[in-house]
Amino acid sequence: MGRVIFIGAGPGSADLITVRGAQRLAQADVVLFDALTDPALRAHAPHARWINVGKRGFCDSTGQQTINALLVKHANEVATVVRLKGGDPSVFGRLEEELIALAEAGIACEVVPGVTAAIAAAAATQRPLTRRGAGRSVSLTTAMTQTRELRAARSADTEVFYMAGKQLAALARGLLDSGWPADTPVSVVSRAGWPDQLHSDHTLQALPRASLLHAGRPTVVTVGEGARCVVAEPVAAKQAKAPAKDPALPVKTPSP
């Protein structure tokens, strides 16, 4: 009986995989990979058998039970099976279901973390998700559920919504209904981490306008403090705010 290694491939280009992830991928006999992983990653395991088990929202995709069965099947046939997931396996990656299936079959596994899309979007736009004194909490939410029910709330200083590209208008309505002000800043990034990534800024009220620009692309939506542009304060303004220094006291010199 073999083992299964879950590897976070990162959110886009192949060079965003971690060093450990690349090393473990090179050991693979079989790779079950997601739809959004970079094909260039095949170079790390050229002799492995690659099987596409990708999922895409509102599209035909491989069922979860089928993926679970494939993991167990191949782990009983080869030494090392890699489950290659986009982003980080622990963030909206259906990791729990697959870990349970392997545990029930008595198959050993390892999880290698990866860069999740929220972090990639923050890096691409230079918008830190946390801010000193203002952005002290971050919430990660999927806009895609089994019932296709969009859940929008106001539970943190910064809210990040995954897989929201096809529901921007509904997301805006839900957030406004949850108490977010209409002028709340929103940052939208599609295909974060790829060379063709797109970024646009909006107020919450105007968020539906982003639908056309990001249509058909995996999209991350950041709302609140983490969406604000980082603006450097001019040096002259800082100097004007600085407290005046006390004049130097005269120094008495001793009499000869």
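Just so it is clear, the structure is predicted and the values come from calculations on it, not from any experiment.
- Listed by first then second residue, pairs satisfying ring pair (Phe, Tyr, Trp, His ring centres under 6.0 Å) with a partner in residues 22-50 read Phe33-Trp50, not counting sequence neighbours.
- Open room surrounds CZ on Arg209; 12 or fewer heavy atoms of other groups in view lie less than 6.0 Å from it.
- When the side chain to side chain donor-acceptor pair (under 3.5 Å) test is applied to Gln27, the partners found at least two apart in sequence or on another chain are Arg3.
- Residues passing the side chain to side chain contact (heavy atoms under 4.5 Å, CB included) test with Asn76, sequence neighbours excluded: Met1, Val72, Ile107.
- Judged as a side chain to side chain donor-acceptor pair (under 3.5 Å), and not counting sequence neighbours, the contacts of Ser200 are His202, His214.
- For the residue pair Glu98 and Gln64, a side-chain donor N or O sits within less than 3.5 Å of a side-chain acceptor on the partner.
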Could you list the donor-acceptor pairs under 3.5 angstrom formed between side-chain atoms of residues 110-121 and any protein atom two or more places apart in sequence or on another chain?
unit_1, atom_1, unit_2, atom_2, d
Glu110, OE1, Arg24, NE, 3.1
Glu110, OE2, Arg24, NE, 3.1
Glu110, OE2, Arg24, NH2, 3.2
Thr116, OG1, Tyr162, OH, 2.6

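- Applying the side chain to side chain contact (heavy atoms under 4.5 Å, CB included) test to Ile51 and every residue at least two apart in sequence or in another chain returns Val30, Leu32, Arg49, Val53, His74.
- For residues 192-204, every residue pair satisfying the salt bridge (Lys or Arg N to Asp or Glu O under 4.0 Å) rule, not counting sequence neighbours, is listed here: Arg127-Asp201, Arg191-Asp196, Asp196-Arg217.
- Among residues two or more places apart in sequence or in another chain, the side chain to side chain contact (heavy atoms under 4.5 Å, CB included) test is passed with Ala14 by Asp38, Ala40, Leu41.
- Listed by first and then second residue, the side-chain hydrogen bond (donor to acceptor under 3.5 Å, both in side chains) pairs that reach into residues 171-188 are Ser187-His199, sequence neighbours excluded.
- Identified under the salt bridge (Lys or Arg N to Asp or Glu O under 4.0 Å) test for residues 72-81, with sequence neighbours left out: Lys73-Glu77.
- Each salt bridge (Lys or Arg N to Asp or Glu O under 4.0 Å) pair with one or both residues in residues 219-229, not counting sequence neighbours, appears once here: Glu225-Arg228.
- Residues forming a side chain to side chain contact (heavy atoms under 4.5 Å, CB included) with Ala156 (at least two apart in sequence, or on another chain): Ser137, Ser139, Glu159.
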